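Residues: numbered from 1 along the sequence shown. In each ligand, atom 1 is the first atom listed, and ligand 1 is the first ligand listed. It should be emphasised that the depicted structure is a prediction, and the values quoted were computed from it without experimental measurement.
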Amino acid sequence: MTRKIEVLPDQKALIARAQELILSQTNAAIAQRGKFTIALSGGSTPKPLYEAIATQNLPWDKIHVFWGDERYVPPDHPDSNEGMARRAWLDRVDIPAANIHAVPTTEGDPTVSAAKYEKELQEFFNCQPGEFPALDVILLGMGDDAHTASLFPHTEALKVRDRLITVGNKDGNPRITFTYPFINAARCVIFVVAGANKKPALTQVFAPEADNSTYPSRLIQPQGELWWLLDAAAGDEIKL
Ligand SMILES: O=C(O)[C@H](O)[C@@H](O)[C@H](O)[C@H](O)COP(=O)(O)O
């Protein structure tokens with residue numbers, strides 16, 4: 001794993017750098033393998049990033065979009081990560097519908113939905129149960145409690161090491177999430193983190209010693225590239 005930490009002066013520069021990095025990974029993946037696979041994060045930080053990517057002239061038929069986590073709500077719900085990404089990006093570009101691999105959330109049972117998404121991923125990547133396919137890019141945010149995707153502190157999801165997808169739990173509300181071993185199989189993981197409220201969590205995540213179950217983002221140690229893109233409000237005191 002190669003870990004790179006960059007602190008950008010403000011959120012505008014953070015989004016521009018994240019876009020630049022994603023576009024570079026996109027071009028490399030398409031040149032080497034004929035397609036680009038990316039898993040999106042939810043929350044508020046990535047919305048301007050998705051809006052920026054939507055302005056690019058890319059070979060959309062070669063780009064496949066997944067989600068690293070999803071709230072257990074239908075796509076038209078205001079909390080839906082899929083809905084946010086569609087409004088900010090995917091509805092604005094000519095990407096084939098079949099290239100948008102949304103998390104199923106309408107089965108009425110999160111465990112059933114998680115298994116269904118895992119099956120879709122295994123079929124897409126032509127891999128067997130127990131194998132962890134490598135996405136080209138997994139985009140992640142981090143909460144002020146150091147959670148990432150829907151891997152929340154001290155939850156059962158942190159213990160799942162033999163699946164691609166599991167059920168997360170945020171304050172009793174189910175989520176569908178990539179497991180941390182699946183995230184760690186990625187060729188490139190990019191955290192995009194902004195805001196002074198993230199500083200205490202970042203300090204623990206970057207500390208030499210801290211409890212991984214308390215600070216789940218510490219579990220993200222991909223075999224590929226690991227990028228932490230921070231704005232100054234979040235990262236200006238991080239010892240690089
Ligand atoms: O579904 C989600 O909410 C996200 O995937 C989650 O992991 C998010 O990335 C962090 O909570 C940071 O969210 P903000 O960008 O809003 O701070």
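Residues meeting the side chain to side chain contact (heavy atoms under 4.5 Å, CB included) test with A28, sequence neighbours left out: Q32. Legend: residues meeting salt bridge (Lys or Arg N to Asp or Glu O under 4.0 Å) with K199, ordered by chain and number and at least two apart, are D236, E237.
No hydrogens or angles considered: a donor-acceptor pair under 3.5 Å links the side chains of R71 and N81. A donor-acceptor contact closer than 3.5 angstrom links the side chains of H154 and S213.
Between F66 and Y117, the two ring planes are tilted [angle within 30° to 60°].
Residue-level proximity to ligand 1 for N81 is carried by the side chain, the only part with a heavy atom below 4.0 angstrom. When non-hydrogen atoms are compared, ligand 1 lies under 4.0 Å from neither the backbone nor the side chain of S150. Contact annotation: for D69 versus ligand 1, heavy atoms closer than 4.0 Å belong to the side chain alone. Within the 4.0 Å heavy-atom criterion, the part of R175 lying near ligand 1 is the side chain and not the backbone.
Shortest contact from atom 11 (O) of ligand 1 to any protein heavy atom: H147 NE2, 2.9 Å. Protein heavy atom at the shortest distance from atom 9 (O) of ligand 1 is G141 CA, 3.3 Å. Regarding atom 15 (O) of ligand 1, its nearest protein heavy-atom neighbour is T45 OG1, 2.6 Å. Taking atom 13 (O) of ligand 1 as the reference point, the nearest protein heavy-atom neighbour is G43 CA, 3.9 Å. Nearest non-hydrogen protein atom to atom 12 (C) of ligand 1 is M142 O, 3.6 Å. For atom 17 (O) of ligand 1, the closest heavy atom belonging to the protein is K198 NZ, 2.7 Å. Looking from atom 7 (O) of ligand 1 to the surrounding protein, the closest heavy atom is A149 O, 2.7 Å. In this structure, the protein non-hydrogen atom closest to atom 3 (O) of ligand 1 is R71 NH2, 2.7 Å.
Distance check: M142 CE to L230 CG gives 8.0 Å after rounding to the nearest 0.5 Å. Rounding to the nearest 0.5 angstrom, the gap separating the CD atom in E70 from the CZ atom in F178 is 11.5 Å.
Heavy-atom contacts of S44 reach the following atoms of ligand 1: 14 (P), 15 (O), 16 (O) (cutoff under 4.0 Å).
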>> Apply side-chain contact (heavy atoms from CB on, under 4.5 Å) to residues D136 and I38 and explain how you reach the verdict.
In response: CA-CA 6 Å; D136 293 309; I38 182 170; over 6 Å; no
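Two rings, from F36 and H64, have their centers 6.0 Å or more apart.
Taking only nitrogen or oxygen atoms, main chain and side chain alike, L140 does not reach within less than 3.5 Å of ligand 1.
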